[in-house]
Novice: 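Have a look at the structure that comes next, please.
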Amino acid sequence: MSAWRRLHVKVRRAHGLFTSRRVTEQYTWMYGPSTLGQNLSTGKPLRNDFFKAQLAAMRKKAADALPGSSWSPFDINPNLPPERADIVIIGGGVMGWSIAYWLKQKERVREGVKVIVVERDLTYSQASTVLSAGGIRQQFSLPENIHLSLASADFMRNINEHLGVLNEDPVDLQFNQSGYLFLASEEVAHIMEENYSTQRQVGAKVTLLSPTQLKEKFPWINTDGVALASYGLENEGWFDPWSLLNAFRRKAMSMGVIQCCGEVTGAVACSVVHDGITACVEQVQMPKGLEYQMVECAIVVNAAGAFSGKLAEMLGISSNPKDTIAGTPVPVEPRKRYIYVVHCPDGPGLDTPFLIDYSGMYFRREGLGGNYITGASPKEADEPDTSNLEVDHQFFEDSVWPRLAYRVPAFEKLKVTSAWAGFYDYNTFDQNGIIGDHPVINNMYFATGFSGHGLQQSPAAGRAVAELILDGNFKTLDMRGLGFRRIMAQEPILERNIL
Amino acid sequence: MLLSWRGQLRRKGIMRKNAYYDFTQRLYGSDIAAAFYILSLKGGFRFVGQSDWFRADQRGKFNWDFLNHKDTPLEEVDMSYTVINYRGLDNLEGQQSLRTLALRGCPEVDDWFLARLHVFEDSLEELDISHCPRITTGGLAALRNLKGLRRLDLSSLPGISSPGLVVILLEEMLPQCQIIATGYDYSIKQHGGEEEVQR
């Protein structure tokens, strides 16, 4: 009798659309007649579920129609930024997210500052961060730069303490501890010696090598024309920029920073204080379409990288007459640089440093399979056109390969496997970062113009800007030398080791 | 929140253990301070010219006789299975005659630690970093500065992805060094084939 009943149940179930029913049915079969009996009593065909769904939808409609519900006849884009915020960071690269993280890290009260990061392209197709070679070095000539790099290396050493999120994977930067090797010819050897003493004084671990020592350490180098070499022993190397960006972003978003995908297309000043203009309402345009949202904010941080100059112009900084203090434009413009991936099976091995030649050529190892990344800085006269990110392979043939093959004879036989181009946020004034507030516009801060070494200075620079905003002064590192004031006063602080 | 506190307390404990023994250094000199630091972390060492090792036992108790050997540098240090980290190397930095360093199974030894070992580049001859979970290929590139290295033990490092290739590259980088790398599966798995090359 019970067997016939079981068969009956099976036949009914077989008409069902829900395969999970069949699984549960198999299960209950093993557990004896009592559960089977339970199934039989509740087992009704699917028509009941269909009605249940309809009823639920009708109930929801009724609840929405009543007052007190959040339904509105107009479809609001859920991706719009909030209407009010404390700090708006324009630019979602590693610098912008670093500032956002440090702002949240330093706030004393929980949810003390409402921070929004506005990024116009979440695929980061043109962002300098992800297209960079990813190196970090302390071999600069300016003490502020050395301090920034050292502090950033310290940050990256303990990155999981800073940016570790509970229940998520630990941050893996894939840091290669290989060091930078700068080569100097006769003319610039004295500059290198001065730089070496500055670096040693500040605390960077560098050593000078003579051509014979160089040949002994790296037998694959051709030391013709090299008078002196400077080699980094510690805290130098290269890492994965995308991991750092994502680590900052993940941690900042876990602390409550709001990410917004949109482009800032204007600003409305809402109060004029003496000569200063306080820009405090930003117009953020959504990426696809004509929607925009006006965001009221107290502080604006310009971390837009290569496009900072254009952004500052659009926000009306240089709408003032050119010779006033308020009218000085932000001297940051994009400069296109190429990176070529080459494959050379007989190339130097695991100890290849990030070699930078005095002619402007550089290369480093990539992975373990005999691949290298190389490039060179073009001369001022033939800067490539910056309207797109197309790669010029002729540049490799003309400028990079000859110098590469001259310096490392093994590279005479190589094959270019891939290439890409990226923008430097080039500071046309003195090629060093601009960190600080605008002297006239009292709520605009800058963290841009790093001209190729922004990624390696981003953790420390983010902390400096956050200290400036929240504490009013630089606390850990004194970056007053890198402020906007030097641009007003037309006093460049030149970096003599830029590539 | 409790979980993150637990993690923070653990990290603070490790930082405290690896702090710089400034007081001991000023009173007794850097060699005794280094020796004291090693014994506090339950490691072991041997002085230059001596033949017996000073070790701390499981409970952390050790013999205070090492105080008799003032101003004698350390020759061999065994910090296996201790929580030594980058900051702890502050205490060992002045040792210019260190020949052997054993760091087997240390959970806090990572790539940055290996990069800092360049301070021993003239004297270090034997290095054992087997079973350290945090070491990756990028850190092994940092061993290029240790030109005097004769013996390197890299067994069972879970962080390296292609151990066979890494060992070959290291042998090219350090030609006079004998590299021991056991505990890896060197078999080459072919697609659909049955070939296996065992090292």
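Letters A, B, ... mirror the listed sequences (proteins, then strands); counts begin at 1. All heavy atoms count here, side chains included; hydrogens, waters and symmetry mates do not.
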Novice: Any chance NZ of K475(A) has more than 12 other-residue heavy atoms, nucleotides or ligands included, within less than 6.0 Å?
Specialist: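 Counting neighbours around NZ of K475(A), more than 12 heavy atoms of other residues, nucleotides or ligands fall under 6.0 Å, so yes.
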Novice: Counting only heavy atoms not in K17(B) (residues, nucleotides, ligands), do more than 12 fall under 6.0 Å from its NZ?
Specialist: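 Atom NZ in K17(B) is not packed in, count stays at 12 or less.
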Novice: With a sphere of 6.0 Å drawn around CZ of R150(B), does it hold more than 12 non-hydrogen atoms of other residues, nucleotides or ligands?
Specialist: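 Yes - once you tally the heavy atoms of other residues, nucleotides and ligands closer than 6.0 Å, there are more than 12.
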Novice: Report which part of F239(A) has an atom under 4.5 Å of a heavy atom belonging to chain B: side chain, backbone, both, or neither.
Specialist: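 When you check distances to chain B, no heavy atom of F239(A) falls under 4.5 Å.
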Novice: With rounding to the nearest 0.5 Å, note down the distance linking CZ in R157(A) to CZ in R116(B).
Specialist: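 If I round to the nearest 0.5 Å, the distance is 7.5 Å.
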Novice: Go through the atoms of N235(A) and report whether side chain, backbone, both or neither lie under 4.5 Å from a heavy atom of chain B.
Specialist: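 Contact with chain B: backbone and side chain both.
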Novice: Against chain B, label Q174(A) side chain, backbone, both or neither, depending on which of its atoms sit under 4.5 Å from a heavy atom there.
Specialist: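 Contact with chain B involves no heavy atom of Q174(A) at all.
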Novice: With chain A, which of R11(B), K147(B), Q8(B), E172(B) has the greatest number of heavy-atom pairs at distances under 4.5 Å?
Specialist: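 Looking at each of R11(B), K147(B), Q8(B), E172(B) in turn, R11(B) comes out on top.
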Novice: Search all heavy atoms of S162(B) against all heavy atoms of L368(A) and return the closest pair with its distance.
Specialist: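 Nearest heavy atoms, S162(B) then L368(A): OG-CD1, 3.8 Å.
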Novice: To the nearest 0.5 Å, what is the distance between NE2 on H118(B) and CD on Q177(A)?
Specialist: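 It is 10.5 Å, given to the nearest 0.5 Å.
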Novice: Could you grab the distance from atom CG of D351(A) to atom CG of L170(B), nearest 0.5 Å is fine?
Specialist: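 Spacing of CG (D351(A)) from CG (L170(B)) equals 9.5 Å.
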Novice: Working to the nearest 0.5 Å, report the span between CZ of R87(B) and CG of N158(A).
Specialist: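 Those atoms lie 9.5 Å apart.
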Novice: So for atom OH, which belongs to Y81(B), do other residues, nucleotides or ligands contribute more than 12 heavy atoms lying within a distance under 6.0 Å?
Specialist: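 More than 12 within 6.0 Å, yes.
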Novice: At a heavy-atom distance under 4.5 Å, which candidate from S178(A), G237(A), G349(A) has the highest pair count against chain B?
Specialist: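 Most heavy-atom pairs within the cutoff with chain B belong to S178(A).
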Novice: Applying side-chain contact (heavy atoms from CB on, under 4.5 Å), run through W112(B) and M156(A) and close with a yes or a no.
Specialist: CA-CA 10 Å; W112(B) 298 86; M156(A) 284 190 245; 4.1 Å; yes
Novice: Under the criterion side-chain contact (heavy atoms from CB on, under 4.5 Å), I'd like the reasoning laid out for Y231(A) against N145(B): C-alpha separation, chi angles, the key distance, then a yes or no.
Specialist: CA-CA 11 Å; Y231(A) 187 41; N145(B) 287 316; 3.8 Å; yes
Novice: Can you name the nearest heavy-atom pair linking L233(A) to R144(B), along with the distance?
Specialist: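 In terms of heavy atoms, the two residues are closest at O-NH2, 4.0 Å.
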